[in-house]
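Okay, so here's the structure we're looking at.
Chain A is the first sequence line, chain B the second, and so forth, proteins listed ahead of strands; every chain is numbered from 1.
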Amino acid sequence: MNYWLVKSEPHKYSWEKFNEDKRTFWDGVRNYQARNNLRDMREGDLVLFYHSNEGKCVVGVAKVVRESYQDPTTPDPNWVVVDLSPVETLKKPVTLEQIKNESSLKDISLIRQGRLSVMPLKAAEFDKILEMGS
DNA sequence: GCCAACGTTGGC
DNA sequence: GCCAACGTTGGC
């Protein structure tokens with residue numbers, strides 16, 4: 001079981017919309033490192049959902065329901081998507097500021113590599129953020 | 001809206 | 001294969 005964090009701008013695709021849809025394919029990744037992370041996702045892996053720009057907080061947990069396949073929005077075979085479904089909404093969103101202030105989370109990619117939109121998390125980091133959000 | 005960070009592209 | 005130019009992301 002692996003853990004991940006994905007970013008979405010809420011006005012582009014929000015957690016609320018995701019919960020209405022119940023399932024979505026995660027498209028729009030056009031960065032090789034993020035793409036490689038998508039390809040490493042396995043069915044059942046858990047994924048934190050982060051709102052960038054507006055909110056700047058982790059708002060919920062999703063899970064991988066279909067492993068990577070050709071991005072249906074482009075014929076370019078370089079790009080893939082995965083299918084995700086919502087699992088639960090955090091009682092309290094965990095803000096970027098809280099994460100920055102938490103010493104055990106200072107090494108996560110969200111902070112160290114701000115522009116990456118799909119990143120792996122260690123189990124301890126994932127658990128810590130869930131704990132902060134409950 | 002600005003700008004820093006950083007990935008990508010293309011000329012040499 | 002280096003590196004300057006350029007584009008994109010995302011925090012502020």
N/O donor-acceptor pairs under 3.5 Å from side chains in residues 87-94 of chain A, not counting sequence neighbours:
from   : atom 1 : to     : atom 2 : distance (Å)
T89(A) : OG1    : W15(A) : NE1    : 3.0

H51(A) and E9(A) side chains, donor-acceptor separation under 3.5 Å: no

Residues forming a side chain to side chain donor-acceptor pair (under 3.5 Å) with Q98(A), sequence neighbours excluded: T95(A)

All N/O pairs under 3.5 Å across the protein-nucleotides 1-6 of chain B interface:
from   : atom 1 : to      : atom 2 : distance (Å)
dC6(B) : O4'    : R115(A) : NH1    : 3.2
dC6(B) : O2     : R115(A) : NH1    : 2.9

Salt bridge present between E43(A) and R66(A) (N-O < 4.0 angstrom): no

Nearest-Å distance for atom pair CD/C1', residues E9(A) and dC12(C): 15 Å

Separation of dG7(B) P from L116(A) CG (nearest whole Å): 9 Å

For residues 102-109 of chain A, dump all side-chain donor-acceptor pairs below 3.5 Å to protein atoms at least two apart in sequence or in another chain.
from    : atom 1 : to      : atom 2 : distance (Å)
E102(A) : OE2    : S104(A) : N      : 3.3
E102(A) : OE2    : S104(A) : OG     : 2.8

Phosphate OP1/OP2 of dG10(C): any K56(A) side-chain N/O under 4.0 Å: no

Neighbours of DNA chain B within residues 31-41 of chain A, by heavy-atom distance under 4.0 Å: N31(A), Y32(A)

Minimum heavy-atom distance between S14(A) and F49(A), given as atom pair plus value: C-CZ, 4.0 Å

Other cluster members, Y69(A) - Ile/Leu/Val/Met/Phe/Trp/Tyr, side-chain contacts below 4.5 Å: F25(A), V81(A)

Shortest non-hydrogen separation from L121(A) to W4(A) and the atoms involved: CD1-O, 3.8 Å

Gap between atoms NE2 and P, on H11(A) and dG10(C) respectively (whole Å): 11 Å

K100(A) vs dC12(C): side-chain N/O to OP1/OP2 distance below 4.0 Å: yes

